[in-house]
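None of the values given here were measured: they were computed from a predicted structure.
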Amino acid sequence: MSQVVNAGFPLLTATAAVPAVGAVLTAAVPAARRTAAKWLALLVSLVTLALAAVIFVRFEPGGDRYQLAESYAWIKDFGVRYELGVDGIGVALIALTALLIPFIVLAGWHDADPLETSSKRWRPTQGFFALILMVEAMVILSFEATDVFLFYILFEAMLIPMYFLIGGFGDRAHSGTDENAAAQRSYAAVKFLLYNLVGGLIMLAAVIGLYVVAGNFSLTEIAAARADGSLEMATSTERWLFLGFFFAFAVKAPLWPLHTWLPNAMGEATAPVAVLITAVVDKVGTFAMLRFCLGLFPEASKWATPVIVALALISIVYGALLAVGQRDIKRLVAYASISHFGFIIMGIFAMTSQGQSGATLYMVNHGISTAALMLVAGFLISRRGSRLIADYGGVQKAAPVLAGAFLIGGLATLSLPGLAPFVSEFLVLVGTFARYPVAGIIATTGIVLAALYVLVLYQRTMTGPANEQTRSMPDLRVRELAVVAPLIAVLIFLGVFPQPLTDVVNPAVRHTMSDVQQKDPSPEVEAAK
């Protein structure tokens, strides 16, 4: 790369470089020093969190659209640049990612320890934590990239460490034999990889098409050229390019009917890796819909909106219905996430400021609430050794703190007022109803179904008579409390006082609304007679 264009400390690069370097150092720790590798990974994640906090503080909501910008020449012959910048949406999601990784590391503290009872299932602890840090680096950099080609490289590259995390470090709570468990993990990992690779290959064709039309990959330059009229796309060209980008993002998100890889991946992965999938990696898909689909192809985005809103509604209802019928705790959370992603995508394509602000907040709040619920569920499963709901009952008598944390995580998932997801879900519904009232009404069924699957799950696992296995179940330990308590505190804080996030997000949403040349619908008020 050539000399840096911008002056000053490269804060955005540093925030992604710290976990990347940390991943290499963690992997290099000697095999006998597993505990040292864990502490190193935790320290690296905390340093990354501190850098993300600096980004959050230094970002000026009323300033330029993309701030803390960095630009290096990379592949000059093809106009590819290492170009970074963050808007309010990117800042919020970088903060979410950096916040969750330390808890993922703590929650997975023993998930990759070797099993002395079976040499066939030896687990390289250092590799487990190194892969988590590598995913963090790629996700953060994808939220910062303003060069389309750079984003595509990151979008695809993060599949590699995720594949090994799913296939190589699966859930130990499996009802079958070791061989059957390994086969299920392998199937889930391959399915995850194939679905996302197909989406990525279609996106690659669209990225090449965009370069042919625009002559470069810079998001800011393409947007400026479209704004001043120096770049014009034929309607059919813009729609085809939009579909290529959107398909890849819809797989990652995931949106019905491209969702089927998620329940397998979350079910077979460890609980921390399941959180990494749905609370961190999948957010890249919905984020990219806002930044690239709406930013690069505004007219095509409006053209596709009715179909996308319909697909989002199907995701909301379909995911919630399947969650109600699940017997596996982790697959229930997976289908609930599909329903929640439907809300996020519906908010994005409602084309209202309330809907898009709510969708961005939903990304953050869903990440925190799902992390709280899934990690507590992971602690529960590790004690009983089973993911089946029927194997539990009466847990609250033996482990009241665990049961209480599980309840709060569940109530956040169903968007109880006073907890963070309520604000975002309310904004999505209000913003959708303003432009698509029928869709807004249908989407509310997702709230009713969420209450059903969450409360029934709690009733069947935590209340009633305790069976022999749950009667002596230990309560949350100090390390587990260190994971759960801060997440619950953040859920309550953002539920009562979401302004720190809304102040950062709203200016970015106004820019996005300007990209698609949309204004909020005026309320219809009948004159008094």
Side-chain angles (χ1 to χ4, degrees), residues 107-108 110-111 115 117-118 121 166 169-189 191 260-275 277-278 319-339 370-400 402-407 409-410 413-414 449-476 480:
H110 298 299
D111 284 356
L115 291 178
T117 58
S118 175
R121 294 184 65 192
I166 297 168
F169 301 91
D171 192 356
R172 293 174 177 176
H174 199 284
S175 57
T177 63
D178 285 356
E179 291 75 13
N180 185 41
Q184 292 294 326
R185 290 198 304 271
S186 178
Y187 173 79
K191 189 174 184 178
T260 59
W261 63 267
L262 183 64
N264 296 100
M266 289 184 66
E268 297 305 322
T270 64
V273 173
V275 171
I277 295 169
T278 190
L321 283 172
L322 264 65
V324 171
Q326 288 303 304
R327 296 181 297 174
D328 183 309
I329 296 174
K330 292 170 70 177
R331 289 178 70 90
L332 184 151
V333 179
Y335 280 109
S337 290
I338 291 169
S339 181
T370 299
L373 180 61
M374 179 60 86
L375 293 179
V376 176
F379 298 148
L380 177 69
I381 291 168
S382 67
R383 285 158 166 74
R384 177 67 175 81
S386 173
R387 307 194 315 240
L388 299 178
I389 298 172
D391 288 339
Y392 295 87
V395 173
Q396 67 181 7
K397 297 177 182 177
L402 187 155
F406 193 82
L407 178 61
T413 299
L414 64 83
L449 293 171
L452 182 60
Y453 62 70
V454 167
L455 296 178
V456 168
L457 172 64
Y458 182 83
Q459 179 191 28
R460 293 178 177 175
T461 55
M462 301 297 163
T463 66
N467 57 38
E468 184 178 350
Q469 289 77 16
T470 59
R471 190 174 294 116
S472 58
M473 183 175 288
D475 213 336
L476 292 180
E480 295 166 338

Open item on the list: When you compare the side chain of Lys397 with that of Arg471, does any pair of heavy atoms fall below 4.5 Å?
Closed with: no

Distance col, row Phe406:CZ vs Met374:CE, nearest 0.5 angstrom, shows 9.5 Å

So do the side chains of Phe379 and Leu476 get within less than 4.5 Å of each other, counting heavy atoms only? yes

Does any non-hydrogen side-chain atom of Met462 lie less than 4.5 Å from one of Leu380?
yes

For Arg460, the side-chain contact (heavy atoms from CB on, under 4.5 Å) test, sequence neighbours excluded, returns Ile389, Val456

Item to check | Check: Gly409 main-chain N/O paired with Thr413 side-chain donor or acceptor under 3.5 Å | outcome: yes

| Thr470 and Asn467: side chain to side chain contact (heavy atoms under 4.5 Å, CB included), yes or no, with the steps? | CA-CA 5 Å; Thr470 59; Asn467 57 38; 2.9 Å; yes

Flag side-chain contact, heavy atom, 4.5 Å: Arg383 against Leu402
yes

For this session: Answer whether the closest heavy-atom distance between the side chains of Lys191 and Thr260 falls below 4.5 Å.
Result: yes

Can you confirm whether Phe169 sits close enough to Val273 that some side-chain heavy atom of one is under 4.5 Å from a side-chain heavy atom of the other?
no

Quick one: does Ile338's side chain get under 4.5 Å of Pro263's, heavy atoms only?
yes

Can you tell if the side chain of Ile381 reaches within under 4.5 Å of the side chain of Lys330, non-hydrogen atoms only? yes

Query - Candidate pair Tyr392 and Gln469, rule side chain to side chain donor-acceptor pair (under 3.5 Å), full reasoning - result: CA-CA 8 Å; Tyr392 295 87; Gln469 289 77 16; over 6 Å; no

Worksheet item: Taking it one step at a time, do Val395 and Met473 satisfy side chain to side chain contact (heavy atoms under 4.5 Å, CB included)?
Response: CA-CA 7 Å; Val395 173; Met473 183 175 288; 3.9 Å; yes

Start with the C-alpha distance between Arg387 and Glu268, add both sets of side-chain angles, then the distance that settles salt bridge (charged side-chain N to carboxylate O under 4.0 Å, His left out), and finish with yes or no.
-> CA-CA 10 Å; Arg387 307 194 315 240; Glu268 297 305 322; 3.5 Å; yes

